[in-house]
Asker: 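Take a look at the following structure, please.
Remember, predicted model here, so these are calculated numbers, not experimental data.
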Amino acid sequence: MKKNLTLFFVLAVLGLQAQNLSGFWVGTVMQNGRPNVFSYQLDLQQEGTTLTGKAISITQDGTASAEFSIAGTWEGGGKLVLQELTQVTPKGGGWCLKYASLRLGTTGDGIWVLQGGWLSDNCSPGTMRLVKEADSNQLDVGADTFVPEGIWTGELSQTDRSYEFYYELELKEGGKGFAKIMSEENGGFARQLLSWKLNENRDSLIIEEQGVIEKTDPNWRWCIKKLQLRLDEDVNRFGFHGVWEGRMDATETQKAGACAPGKVYLEKPILDKDVKASIRSLQTQTALSNQGRKLKLQRSIEVKSPELTISVWDNGTEDGDVITLFFNGHQLAKQHRISKNKSNYRVKLSGNENFLILQADDLGSIKPNTVAVSINDGQREQIIVMSADLEENGAVLIRKIQQ
């Protein structure tokens with residue numbers, strides 16, 4: 001027993017010494033004697049024991065931020081010394097330039113964490129805690145080359161229903177994966193095993209659900225579906241669209257039966273480096289107010305006008321869903337109870353990439369929160385379905401068409 005414990009300790013120490021700190025780290029910074037919590041993001045590059053990069057600090061309400069150039073030294077044994085060298089933006093200073101002494105460790109779940117204290121001239125000291133991006137609750141972001149594996153999100157319709165379902169695929173290597181479906185009516189949520197196959201031209205995908213492995217309503221019968229999808233591609237997204245047919249899953253008292261068929265649309269966004277950096281900053285902002293929930297990009301929308309009307313409503317059963325809605329970090333609605341009546345919000349785009357975020361505050365009687373969202377630029381109305389729960393926020397990327 002002692003030998004095993006000793007070996008574990010040695011391996012853990014070697015892991016800390018060999019750990020590559022390059023990449024993105026996100027977390028929080030606190031200052032002694034002050035109630036404010038700042039979100040903090042590091043973009044590190046490591047060569048040997050030397051680290052360089054940048055840091056971004058954002059106020060708790062998201063109204064102010066600063067970017068710093070940074071340098072550091074990995075001293076081994078789990079210790080990192082980090083220094084903010086200069087304030088890059090905004091010009092003229094005014095923020096604390098921090099000197100931090102951080103310890104690298106892991107949580108009980110094996111998540112890499114940097115934490116420790118910091119000092120600064122003319123500023124009260126404080127503490128910071130950061131988590132490696134690969135281990136943190138980060139937004140799934142798209143690649144710029146097509147691969148079928150990964151997360152695909154969108155909507156699924158059925159000919160005998162007036163509303164759409166939120167639908168999501170998680171395609172794994174080896175032709176296996178999972179499907180999630182979320183209803184606006186009774187039934188709530190279900191998760192299914194699936195198999196998938198891409199054709200030789202890599203432009204057609206067949207999905208076959210194998211059966212329900214998890215659902216919120218044990219008495220609700222879901223369709224076991226077969227999807228036949230074609231690939232669409234533009235500069236902003238990879239998309240699959242097509243049709244599905246299926247059978248009703250059997251229960252102890254009911255046999256399997258036919259389902260009304262329908263259509264499906266799924267997409268995976270294409271995001272460049274700058275957009276991914278914006279998303280990371282957005283994640284650190286929202287993490288302060290939602291207890292570290294995941295942030296998932298569910299759709300990418302293009303509009304022709306910078307002035308938009310965004311509407312949200314419940315197009316299924318009113319079940320007491322309560323949401324908070326953010327646009328570019330600003331709160332459009334706080335703890336708003338969704339109903340059949342549309343709630344309208346006028347917004348203006350502030351750049352090339354804009355983000356609408358749905359946060360669930362109360363899931364009501366049918367879990368999770370699923371709402372219809374309209375984005376109207378005055379020339380075209382685009383209606384999508386968004387979903388959120390107490391662990392994950394939904395996000396939509398809105399871009400203006402470049403003419």
Asker: Quick check: do Leu297 and Ile151 have side-chain heavy atoms less than 4.5 Å from each other?
Answerer: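 Sidechains of Ile151 and Leu297: no contact.
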
Asker: Would you say Leu21 and Leu51 make side-chain contact, with heavy atoms under 4.5 Å?
Answerer: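 Yes, close enough: below the 4.5 Å cut-off.
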
Asker: Work out which heavy atom in Thr324 is nearest to a heavy atom in Gln335; give both atom names and the distance.
Answerer: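 That would be OG1-N, 3.1 Å.
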
Asker: With salt bridge (charged side-chain N to carboxylate O under 4.0 Å, His left out) as the rule and sequence neighbours excluded, what pairs involving residues 372-383 come up?
Answerer: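 For residues 372-383: Lys342-Glu381.
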
Asker: For a quick test of reading the model, state the closest non-hydrogen atom pair linking Thr28 to Leu130 and the distance between them.
Answerer: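 Thr28 and Leu130 have their closest heavy atoms at N-CD2, 4.4 Å.
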
Asker: Can you list every disulfide (SG to SG under 2.5 Å) pair that touches residues 202-246, not counting sequence neighbours?
Answerer: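 Every disulfide (SG to SG under 2.5 Å) pair that includes a residue of residues 202-246, provided the two are not neighbours, is Cys223-Cys259.
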
Asker: Is there a donor-acceptor pair closer than 3.5 Å between any side-chain N or O of Glu164 and the backbone N or O of Tyr166?
Answerer: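 Checking the backbone N and O of Tyr166 against the side chain of Glu164, no donor-acceptor pair under 3.5 Å is found.
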
Asker: Evaluate the side chain to side chain contact (heavy atoms under 4.5 Å, CB included) criterion for residues Ile207 and Trp244: first the C-alpha distance (whole Å), next the side-chain angles of each, then the deciding distance (0.1 Å), finally the verdict.
Answerer: CA-CA 9 Å; Ile207 304 287; Trp244 69 269; over 6 Å; no

Asker: Output yes when a side-chain donor or acceptor of Lys215 lies under 3.5 Å from a complementary backbone atom of Trp220, and no otherwise.
Answerer: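 Such a contact is found between Lys215 side chain and Trp220 backbone.
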
Asker: Answer yes or no: are there more than 12 heavy-atom neighbours, outside Arg346 itself, under 6.0 Å from its atom CZ?
Answerer: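 Count over threshold, so yes.
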
Asker: Restricting to side-chain hydrogen bond (donor to acceptor under 3.5 Å, both in side chains), what partner residues turn up for Gln228, sequence neighbours left out?
Answerer: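 With sequence neighbours excluded, Gln228 shows a side-chain hydrogen bond (donor to acceptor under 3.5 Å, both in side chains) to no residue whatsoever.
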
Asker: Just how far is it from atom CG of Leu114 to atom CE of Met128, taken to the nearest 0.5 Å?
Answerer: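 It comes to 9.5 Å.
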
Asker: State, to 0.1 Å, how close Asn32 and Gly126 come at their nearest heavy-atom pair, and which atoms those are.
Answerer: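 Heavy-atom minimum between the residues: OD1-CA, 3.7 Å.
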
Asker: Grab the two heavy atoms, one from Ala388 and one from Leu358, that are nearest each other, plus how far apart they are.
Answerer: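 That closest heavy-atom pairing would be CB-O, 3.6 Å.
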
Asker: Are any side-chain N or O atoms of Lys268 and backbone N or O atoms of Glu149, one a donor and one an acceptor, separated by less than 3.5 Å?
Answerer: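 Checking the backbone N and O of Glu149 against the side chain of Lys268, a donor-acceptor pair under 3.5 Å is found.
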
Asker: Under the side chain to side chain contact (heavy atoms under 4.5 Å, CB included) rule, what do Val113 and Trp25 come out as? Steps first, then yes or no, please.
Answerer: CA-CA 9 Å; Val113 178; Trp25 296 75; 5.9 Å; no

Asker: Scan the side chains in residues 84-92 for donor-acceptor partners under 3.5 Å anywhere in the protein, sequence neighbours excluded, and list what turns up.
Answerer:
| from | atom 1 | to | atom 2 | distance (Å) |
| --- | --- | --- | --- | --- |
| Glu84 | OE1 | Lys98 | N | 3.1 |
| Glu84 | OE1 | Lys98 | NZ | 3.3 |
| Glu84 | OE2 | Tyr40 | OH | 2.5 |
| Glu84 | OE2 | Lys98 | NZ | 3.0 |
| Thr86 | OG1 | Ser69 | OG | 2.7 |
| Gln87 | OE1 | Trp95 | N | 3.2 |
| Gln87 | NE2 | Pro90 | O | 2.8 |
| Gln87 | NE2 | Gly93 | O | 3.1 |
| Lys91 | NZ | Val88 | O | 3.4 |

Asker: Please round to the nearest 0.5 Å and tell me the distance separating atom CZ of Phe240 and atom CG of Leu171.
Answerer: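 Answer rounded to 0.5 Å: 8.0 Å.
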
Asker: Ignoring hydrogens and geometry, is there a side-chain-to-backbone donor-acceptor pair from Glu214 to Arg191 under 3.5 Å?
Answerer: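 Not at all, since once roles are kept as given, no pair shorter than 3.5 Å links the two residues.
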
Asker: Roughly how far, to the nearest 0.5 Å, is the CG atom of Leu325 from the CG atom of Asn393?
Answerer: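 Here the rounded value is 10.5 Å.
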
Asker: Below 4.5 Å, heavy atoms only, C-beta onward: do Phe146 and Leu198 meet side chain to side chain?
Answerer: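 They are in contact (side-chain heavy atoms under 4.5 Å apart), so the answer is yes.
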
Asker: Taking only residues at least two apart or on different chains, which pairs with a member in residues 115-127 satisfy side chain to side chain donor-acceptor pair (under 3.5 Å)?
Answerer: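 Pairs touching residues 115-127 that pass the test: none.
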
Asker: Rounded to the nearest 0.5 Å, what separates atom CD in Gln359 from atom CD1 in Ile357?
Answerer: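 Answer rounded to 0.5 Å: 9.0 Å.
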
Asker: Nearest 0.5 Å, please: how far is CE in Met182 from CE in Met386?
Answerer: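 The distance works out to 12.0 Å.
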
Asker: Where the side chain of Glu75 meets the backbone of Val81, is there a donor-acceptor pair that is under 3.5 Å apart?
Answerer: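 Checked: no pair found.
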
Asker: Under the criterion side chain to side chain contact (heavy atoms under 4.5 Å, CB included), I'd like the reasoning laid out for Leu266 against Leu169: C-alpha separation, chi angles, the key distance, then a yes or no.
Answerer: CA-CA 8 Å; Leu266 297 159; Leu169 298 180; 3.4 Å; yes

Asker: Taking side-chain hydrogen bond (donor to acceptor under 3.5 Å, both in side chains) as the test, write out the residues that go with Ser57, two or more places apart.
Answerer: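 Per chain and number, Ser57 pairs via side-chain hydrogen bond (donor to acceptor under 3.5 Å, both in side chains) with no residue.
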
Asker: Output, in order, the C-alpha distance, side-chain angles, deciding distance and verdict of side chain to side chain donor-acceptor pair (under 3.5 Å) for Gln41 and Asp43.
Answerer: CA-CA 7 Å; Gln41 172 189 321; Asp43 182 359; over 6 Å; no

Asker: Could you state the interatomic distance from CD (Gln382) to CD1 (Ile310), rounded to the nearest 0.5 Å?
Answerer: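 Gln382 atom CD to Ile310 atom CD1 measures 11.5 Å (nearest 0.5 Å).
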
Asker: We want to know whether Asn376 and Thr309 form a side-chain donor-acceptor pair, criterion being a heavy-atom distance below 3.5 angstrom.
Answerer: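 No.
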
Asker: Do you know which two heavy atoms are closest between Ser22 and Gln46, and how far apart they sit?
Answerer: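 Minimum heavy-atom separation between Ser22 and Gln46: OG-N, 2.8 Å.
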
Asker: Heavy atoms only: give me the nearest Gln83-Tyr99 pair and the separation to one decimal.
Answerer: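 Looking at all heavy atoms of both residues, the shortest contact is OE1-CD1, 3.1 Å.
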
Asker: Give the intermediate values and the outcome of side chain to side chain contact (heavy atoms under 4.5 Å, CB included) for residues Phe178 and Ile213.
Answerer: CA-CA 10 Å; Phe178 302 94; Ile213 58 174; 3.9 Å; yes

Asker: State which residues pass side chain to side chain contact (heavy atoms under 4.5 Å, CB included) with Thr159; sequence neighbours excluded, sorted by chain then number.
Answerer: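 For Thr159 the side chain to side chain contact (heavy atoms under 4.5 Å, CB included) partners, ignoring immediate neighbours, are Ala260, Pro261.
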
Asker: Residues in side chain to side chain contact (heavy atoms under 4.5 Å, CB included) with Arg103, at least two apart?
Answerer: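 If we apply the side chain to side chain contact (heavy atoms under 4.5 Å, CB included) test to Arg103, skipping adjacent residues, the hits are Lys79.
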
Asker: Spell out, as yes or no, whether a donor-acceptor pair under 3.5 Å connects the side chain of Trp196 to the backbone of Lys176.
Answerer: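 Judged by distance alone, yes, a pair lies under 3.5 Å.
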
Asker: Going by salt bridge (charged side-chain N to carboxylate O under 4.0 Å, His left out), name the residues that satisfy it together with Glu267, two or more places apart in sequence or in a different chain.
Answerer: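 Counting only residues at least two positions away or on another chain, Glu267 forms a salt bridge (charged side-chain N to carboxylate O under 4.0 Å, His left out) with Arg237, Arg299.
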
Asker: Give me each pair satisfying salt bridge (charged side-chain N to carboxylate O under 4.0 Å, His left out) with a member in residues 192-202, each pair once, sequence neighbours excluded.
Answerer: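 Output for this query is empty, none listed.
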
Asker: Hey, is the main chain of Ser204 close enough, under 3.5 Å, to the side chain of Asn199 for a donor-acceptor pair?
Answerer: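 Flag set: sc Asn199 to bb Ser204 pair under 3.5 Å.
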
Asker: Side chains of Lys400 and Lys304: does their closest heavy-atom pair fall under 4.5 Å?
Answerer: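 SC-SC contact between Lys400 and Lys304 ruled out.
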
Asker: Mind checking side-chain hydrogen bond (donor to acceptor under 3.5 Å, both in side chains) for Gln210 and listing every partner two or more places apart, or none if nothing turns up?
Answerer: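 Counting only residues at least two positions away or on another chain, Gln210 forms a side-chain hydrogen bond (donor to acceptor under 3.5 Å, both in side chains) with Ser195.
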
Asker: So does Phe355 get a backbone contact from the side chain of Asn328, meaning a donor-acceptor N/O pair under 3.5 Å?
Answerer: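 Yes; judged by distance alone, with no hydrogens or angles, the pair exists.
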
Asker: Sub-3.5 Å donor-acceptor pair from the side chain of Asn354 to the main-chain atoms of Ile398, do we have one?
Answerer: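 Checked: pair present.
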
Asker: Please examine the side chains of Arg230 and Asp203, heavy atoms only from C-beta on, and report whether any two atoms are closer than 4.5 Å.
Answerer: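 Heavy-atom side-chain distance check passes, below 4.5 Å.
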
Asker: If the condition is side chain to side chain contact (heavy atoms under 4.5 Å, CB included), which residues does Ile181 pass it with, not counting sequence neighbours?
Answerer: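 By the side chain to side chain contact (heavy atoms under 4.5 Å, CB included) rule, Ile181 matches Leu156, Phe165, Tyr167, Ala190, Trp222, Lys225.
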
